[in-house]
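Before any comments, here is the structure.
Position 1 is the first residue of the sequence; numbering continues from there. Because only heavy atoms are used, hydrogens play no part in the values below, and waters and symmetry mates are left out as well, while side chains stay in.
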Amino acid sequence: MSDDEILDTHLQELRRGTVVLACLRLLERPGYGYGLLEELAARGFATDANTLYPLLRRLEKQGYLTSEWNTDEARPRKFYRTSTTGHTLARSLTAEFRSIADAIAALPEED
């Protein structure tokens, strides 16, 4: 395995949890999957549709998101929104993320 492949693997692991947090925070306003993919990418969270849609279903099943179908347009879309439980989780994850970021920032850097 090349150094680039090893780095990509580690970066993927690092980003996995941050995408959950980003989704919970972005979906405080209702959004649908494709729009969320675009918003995540625009904010630096490059995410694949094959990763996002199962994540949305899992978060909904766990009670962190709610959803409803909008059939007003030609193509029905499922809109997601962060639930009350999801808001609580997002606040906790945000606080923990900041704590971890502060701890990493306090580590010595390589010269």
Spacing of [X] atom [atom1] and [Y] atom [atom2] [to the nearest 0.5 Å]:
{"X": "Leu21", "Y": "Phe97", "atom1": "CG", "atom2": "CZ", "answer": "7.5 Å"}
{"X": "Leu65", "Y": "Leu59", "atom1": "CG", "atom2": "CG", "answer": "5.0 Å"}
{"X": "Thr51", "Y": "Leu56", "atom1": "OG1", "atom2": "CG", "answer": "11.0 Å"}
{"X": "Tyr80", "Y": "Leu27", "atom1": "OH", "atom2": "CG", "answer": "9.5 Å"}
{"X": "Thr84", "Y": "Tyr64", "atom1": "OG1", "atom2": "OH", "answer": "13.0 Å"}
{"X": "Glu109", "Y": "Ile104", "atom1": "CD", "atom2": "CD1", "answer": "11.5 Å"}

Inset, instruction - Go through Met1 and Asp8 one step at a time and tell me if the side-chain contact (heavy atoms from CB on, under 4.5 Å) criterion holds. - result: CA-CA 11 Å; Met1 189 178 262; Asp8 286 344; over 6 Å; no
I need the minimum non-hydrogen distance between [X] and [Y], along with the two atoms involved.
{"X": "Thr66", "Y": "Ser83", "result": "CG2-CB, 3.9 Å"}
{"X": "Pro54", "Y": "Ala49", "result": "CD-O, 4.0 Å"}
{"X": "Thr82", "Y": "Leu24", "result": "OG1-O, 2.5 Å"}
{"X": "Cys23", "Y": "Leu40", "result": "SG-CD1, 4.0 Å"}
{"X": "Leu37", "Y": "Thr47", "result": "CD2-O, 3.2 Å"}
{"X": "Gly33", "Y": "Tyr53", "result": "C-OH, 3.3 Å"}

Inset, instruction - Side-chain contact test, heavy atoms from C-beta onward, threshold under 4.5 Å: evaluate it for Leu14 versus His10 and give yes or no. - result: no
Legend entry - Neighbour count >12 (heavy atoms, 6.0 Å) for atom CG, Asp3: no
Inset, instruction - Could you tell me whether Glu68 atom CD has more than 12 heavy atoms of other residues or ligands within 6.0 Å of it? - result: no
Legend entry - Arg81 side chain to Gly31 backbone, donor-acceptor under 3.5 Å: no
Legend entry - N/O donor-acceptor pair under 3.5 Å between Thr94 side chain and Ala90 backbone: yes
Inset, instruction - Apply side-chain contact (heavy atoms from CB on, under 4.5 Å) to the pair Arg43 and Arg25, showing each step before the final yes or no. - result: CA-CA 12 Å; Arg43 294 173 179 265; Arg25 301 230 353 220; over 6 Å; no
Inset, instruction - Not counting sequence neighbours, which residues clear salt bridge (charged side-chain N to carboxylate O under 4.0 Å, His left out) with Glu38? List them please. - result: none
Legend entry - Shared hydrophobic cluster, Tyr34 / Leu52 (ILVMFWY, side-chain heavy atoms < 4.5 Å): yes
